[in-house]
Every structure is written in structure tokens, then in C-alpha cells.
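Here the structure is laid out as C-alpha cells; the discussion comes afterwards.
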Amino acid sequence: MARDSCFVRVMSGVGLGACIGGAVGAVYGSYEAFRYKVPGLLKIRHVGQTTVGSAAIFGLFLGAGSLIHCGKSY
């Protein structure tokens with residue numbers, strides 16, 4: 001497999017998007033949990049759900065963007 005193949009580009013886009021989305025989701029989920037006074041251990045669940053959801057969405061969109069740009073040569 002070539003080093004600069006389309007599959008590698010899309011997978012790195014998905015990975016990068018998931019990392020960025022996870023970080024943003026953790027910060028936003030923590031902010032929301034304290035702002036809305038989520039009780040007790042439900043804070044951890046809320047932050048986790050926000051982190052995973054945000055990571056999935058960012059990863060999906062960055063992977064799709066990488067796939068779109070994969071066929072273009074600059």
C-alpha cells in the first residue's frame with residue numbers, strides 16, 4: 001500500500017477529527033454538566049456521552065472531507 005494512498009488519508013482524517021472532537025466534547029460536556037448542575041455521578045456519564053458523540057461527528061466530517069479531497073491533485 002502506498003504511503004500517500006487514499007485510505008491512509010481518510011483514516012488519518014478520521015483519527016484527527018476524533019481527537020479534536022473528543023477534546024472539544026470533553027470541555028463542553030464538563031461546562032454543561034456544571035452549568036446545569038447535573039447531580040452526582042451522572043456528570044461523568046454526561047461528559048462521556050458528550051465526548052463520544054462529538055468525537056464521532058467530528059471524525060465523520062473530517063473523514064468525509066478527506067475522502068472528497070482524495071481525488072483532487074494539486
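Because the structure is predicted, anything quoted here is derived from the model rather than measured. All values below come from the heavy atoms of this structure, side chains included, with hydrogens, waters and symmetry mates left out.
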Point to revise | Nearest heavy atoms of S54 and G21, plus distance in Å | key: OG-O, 2.9 Å

Point to revise | Closest contact, heavy atoms only, H69 versus R9 | key: O-NH1, 4.1 Å

Check your understanding: Cluster partners of F61, using ILVMFWY side-chain heavy atoms under 4.5 angstrom, listed by chain and number?
Key -> I57

Point to revise | Connected-component partners of Y31 among ILVMFWY, side-chain separation under 4.5 Å | key: Y28

Point to revise | Remaining members of the apolar cluster that contains L41, side-chain heavy atoms under 4.5 Å | key: I44

Check your understanding: Can you pull the disulfide bond (SG atoms under 2.5 Å apart) pairs that have at least one residue in residues 28-62, sequence neighbours excluded?
Key -> none

Check your understanding: Which residue pairs satisfy the disulfide bond (SG atoms under 2.5 Å apart) criterion with at least one member in residues 5-61, sequence neighbours excluded?
Key -> C6-C70

Exercise for review: Output the rest of the hydrophobic cluster of L60: all Ile, Leu, Val, Met, Phe, Trp and Tyr residues reachable through side-chain heavy-atom contacts under 4.5 Å, sorted by chain and number.
Suggested key: none

Practice item. Over all heavy atoms of both residues, which pair between S66 and V10 is shortest? Give the atoms and the distance, please. Key: CB-CA, 4.0 Å

Review point. Would you say the side chain of F34 lies within less than 4.5 Å of the side chain of K43, judging by non-hydrogen atoms?
Key: yes

Point to revise | Beyond-backbone contact of L62 with V14, side-chain heavy atoms, under 4.5 angstrom | key: no

**Study point:** Inter-residue atom distance K37.NZ - L42.CG, 0.5 Å rounding
**Key:** 16.0 Å

Review point. Between atom CE of M11 and atom CG of L67, what is the distance when rounded to the nearest 0.5 Å?
Key: 9.5 Å

**Study point:** Closest non-hydrogen atom pair between V47 and A33, with its separation
**Key:** CG2-CB, 4.4 Å

